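Atoms considered below: every heavy atom in the structure, side chains included; atoms not considered: hydrogens, waters and symmetry mates. Keep in mind that this is a model prediction, so the values were computed, not measured. For ligands, and for the atoms within them, numbers begin at 1 and follow the listed sequence.
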Amino acid sequence: MASTTALPKLYFGTTTFGSSHIPTLSDPEFASHFLDVVHDLGITELDTAARYPPDNHGGSERMLGTVKANDKGNNSDGTLSEEAVRKSMASSLKNLGVDKVCILYAHVPDTVTPLEEQARAFDEQYRKGFCEKIGVSNFPAETLSQLLAICEEKGYVKPSVYTGQYNLICRAPEQDLIPLLRKHNMTLNAYSPLGGGFLTGKLTSGNAEGTRLDSAYGQHFRNWYDHPEFHAALRKLMAAIEPLGIKPAEAALRWLAYHSALDEADGIVLGATKVEQVQANVADIKKGPLPQEVLDVIAEISQSILETQRSFDVNPAALPPK
Ligand SMILES: NC(=O)c1ccc[n+]([C@@H]2O[C@H](COP(=O)([O-])OP(=O)(O)OC[C@H]3O[C@@H](n4cnc5c(N)ncnc54)[C@H](OP(=O)(O)O)[C@@H]3O)[C@@H](O)[C@H]2O)c1
């Protein structure tokens with residue numbers, strides 16, 4: 001549980017960089033300015049991937065390389081064979097213009113390549129000094145458990161970071177995944193803290209026109225979130241926080257930072273389409289823990305959310321098309 005004094009670390013995610021849906025973020029000058037603002041907010045680590053943005057794979061990495069952003073995370077392209085990981089690592093280092101990344105991530109599970117080969121592939125990149133840590137993203141708890149067992153048996157470097165979707169509505173990780181991460185001393189970086197924009201209430205209030213959720217880009221988030229029971233939960237939250245002057249995005253971020261299963265060794269990967277959004281989100285987090293009356297409503301809606309048993313699984317086939 002996040003304490004009131006020490007926060008999970010904040011990261012900035014760049015899935016929107018280089019996207020044709022957001023013309024300003026295809027402009028290196030503006031992207032550079034955006035990253036300056038992020039840096040001035042005290043966020044020094046960025047999250048990117050070979051798959052970002054969904055409509056222009058590699059565009060985010062190239063943009064970060066162009067504007068000389070440093071300190072990066074990255075991923076393979078979905079195929080985690082030894083050869084594919086070698087190529088992906090080399091291409092990411094080139095795109096980014098760096099010799100080494102902080103965390104080399106397996107972005108999504110590869111259900112074809114044997115796990116032993118995947119573990120060996122990560123170990124090779126780590127031993128060559130191309131990354132400081134190995135991370136996995138979107139791996140189901142069971143697959144991660146098998147991967148960890150192989151690493152222990154063969155003496156390969158173990159992944160020490162997990163990145164996964166976790167927010168006020170997406171609570172599935174609390175069941176099996178987070179206990180497994182704690183057992184293996186792995187940290188959790190929670191992405192999509194606002195459910196790709198759903199937790200701003202735009203879609204629920206009918207104001208999503210022109211936003212990510214209204215585009216092909218946001219379709220996979222709509223598949224996860226655009227369901228009557230989640231709208232009902234959000235409406236209940238909005239009714240409770242409106243009189244207190246708290247916006248839904250603020251409630252979601254403050255919950256994640258102070259009341260969720262994250263602790264100070266974990267992280268929150270913030271996302272934004274506009275500079276003002278990341279500024280507002282960091283300022284909201286700094287407001288501290290939520291009032292008890294809001295937590296009581298969140299406890300109520302959490303129960304109904306968990307009962308829906310909806311899956312937030314990510315697999316390569318479910319990712320946005322090239
Ligand atoms: N490893 C993985 O598989 C994976 C998957 C997803 C994301 N990630 C990483 O996590 C990062 C964050 O995820 P995310 O972008 O989905 O984060 P998010 O915070 O859930 O959604 C961000 C979107 O919400 C809207 N928004 C944000 N702040 C707002 C505010 N204050 N007011 C109104 N609207 C606001 C913006 O879209 P609109 O303005 O268009 O509504 C913004 O693009 C990504 O950039 C990426 O680096 C990793």
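For the pair S137 (side chain) and A106 (backbone), a donor-acceptor distance under 3.5 Å is absent. For H107 (side chain) and R51 (main-chain N/O), no donor-acceptor pair under 3.5 Å exists by modelled atom type.
Residue K202 touches ligand 1 through its side chain alone, judged by heavy-atom distances below 4.0 Å. Residue-level proximity to ligand 1 for T15 is carried by backbone and side chain together, each with a heavy atom below 4.0 angstrom. Counting heavy atoms closer than 4.0 Å to ligand 1, residue Y52 contributes side-chain atoms (C-beta onward) but none from N, CA, C or O. Contacts with ligand 1 closer than 4.0 Å are made by side-chain heavy atoms of N138 only, the backbone lying farther away. Only the backbone of L270 comes within 4.0 Å of ligand 1, counting heavy atoms alone; no side-chain atom from C-beta on gets that close. At a heavy-atom distance under 4.0 Å, no atom of A249 approaches ligand 1.
Residue K274 has no N or O atom closer than 3.5 Å to an N or O atom of ligand 1. Polar contact with ligand 1: absent for T16 (N/O pair, distance under 3.5 Å). For the pair G195 and ligand 1, the shortest N or O to N or O distance falls below 3.5 Å. Residue contacts with ligand 1: F221 is placed with no nitrogen or oxygen under 3.5 Å of a nitrogen or oxygen of the ligand (distance criterion only). Considering backbone and side-chain N/O atoms, T273 comes within less than 3.5 Å of an N/O atom of ligand 1.
Donor-acceptor pairing under 3.5 Å is lacking for the side chains of T273 and R212. With hydrogens and angles left out, the side-chain atoms of Q277 and N281 include no donor and acceptor closer than 3.5 Å. E61 and S92 share a side-chain donor-acceptor pair at under 3.5 Å.
A salt bridge is defined here as a Lys NZ or Arg NE, NH1 or NH2 lying under 4.0 Å from an Asp or Glu carboxylate O, and D123 with R120 fails to meet this definition.
Atom numbering of ligand 1 starts at 1 in the shown order; those under 4.0 Å from a heavy atom of N281 are 27 (C), 28 (N), 29 (C), 30 (C), 31 (N).
Note that CG of L237 is 8.5 Å distant from CG of L199, once rounded to the nearest 0.5 Å.
The aromatic rings of F198 and Y225 sit parallel, their planes meeting at an angle under 30°, below the 60° perpendicular limit.
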